[in-house]
2 protein chains.
Amino acid sequence: MSGDEPAGDSHASLHALVWARLRRVDQRYTSGRQAIVELFLQAGHPVSISDIVEALPALPRSSAYRHLTDLQSAGVVRRVAASDEFSRFELDENLTAHHHHLLCTSCGRVIDITPSAVVERAVSSHLNELAAAEDFEPHSHRIDVLGICAVCR
Amino acid sequence: MSGDEPAGDSHASLHALVWARLRRVDQRYTSGRQAIVELFLQAGHPVSISDIVEALPALPRSSAYRHLTDLQSAGVVRRVAASDEFSRFELDENLTAHHHHLLCTSCGRVIDITPSAVVERAVSSHLNELAAAEDFEPHSHRIDVLGICAVCR
DNA sequence: CTACTTGCAAATGCTTTGCAGGAGA
DNA sequence: TCTCCTGCAAAGCATTTGCAAGTAG
């Protein structure tokens, strides 16, 4: 569906990168972790713990949580704030590209969107000014659009 | 501190508005709820359940949760996504003004910021276009800047 | 071999609820 | 007086953790 590249090979370099990131913090890229990263690649949008456990029945919930925690501290994934109370995760922007989200307030679904470079730049610099006025040191930003997704309409 | 208006009177109309909203859903504006709304007004930024319970020692935790739920469904307050795992709340934008947040990734603090109308408008229309492309019906948006606040720097 | 991983089950901790008495309109 | 509100204590539930066995390097 949303694959612009030949599945296997295009992901090989990414897996190698993940492997390196984990090694940096003395962690191993085990099969369970690979399965999760592969799921992120296939999904193409933030997924919840339940999504992961459903897609990988052999993976215990506690391991899913632990893997996510470890992958997060290794800089491989990041937690996404959704409109419902469930945590969702996606590959860190260091491994993908800067983007924002459409949050469905009806079903909780999260969809990726990529703003134009022009708008992105304008917003970014404006936000940095506002942050500076508060003596706040900005590191990144996130923009979410709340509404109803195509499925729920 | 951050009060541009004479405390009591300027808030009177807002309390009246809150009262009306609650009445609309057959709920009463009791002292506990008033205390919470008053706290929001004084704080001027999103507050957590713990903040509320600390500021209002006589208020049981369970009541705080219930009040927040009720005020939320009455359209008086809304939940704010922070950078830590704690829920925070603020007065709904119908009662205040559209604004965004600075989220401290170190202490979890949330600071309000108001973007210029020009940028706001540009971002808004651009986001609506992106949403339309996904057949997504946008209702509102939120913009957060993640970083380190003045206190934590 | 040594250190990190995993499963399972038990524990945590925030949040929600059932109930009975209290209060607003 | 009727309905909604409150406190307290008892759940609920997503997430975390202790421990012992398994496995990557």
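What's counted below: heavy atoms across the whole structure, side chains too, no hydrogens, waters or symmetry copies.
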side-chain contact (heavy atoms from CB on, under 4.5 Å) between B:T105 and B:R109, worked out: CA-CA 8 Å; B:T105 53; B:R109 196 186 311 270; over 6 Å; no

Under 4.0 angstrom between A:W19 side-chain N/O and D:dA24 OP1 or OP2: no

Rounded interatomic separation in angstrom, taking CZ from B:R24 and C1' from D:dC4: 19 Å

Contact letters for nucleotides 16-21 of chain D, in which S counts primed atoms plus P, OP1 and OP2 and B counts the base, heavy atoms under 4.0 Å: BBB---

A:I49 CD1 to D:dC13 C1', straight-line distance once rounded to whole Å: 14 Å

Separation of C:dT12 P from B:E85 CD (nearest whole Å): 18 Å

In one Ile/Leu/Val/Met/Phe/Trp/Tyr side-chain cluster, 4.5 Å: B:F86, B:F40: no

B:D84 CG to C:dG13 P, straight-line distance once rounded to whole Å: 16 Å

Residue mapping more 5' on DNA chain C - nearest nucleotide basis, A:L59 or B:S87: A:L59

For atom CG of A:L22 and atom P of C:dC4, their distance in whole Å: 13 Å

Pairs satisfying salt bridge (Lys or Arg N to Asp or Glu O under 4.0 Å), at least one member in residues 142-153 of chain B, at least two apart: A:D135-B:R153, A:E137-B:R153, A:R142-B:D144, A:D144-B:R142

Residues touching DNA chain C, which here means a heavy atom under 4.0 Å, drawn from residues 25-36 of chain A: A:D26, A:Q27, A:R28, A:T30, A:R33

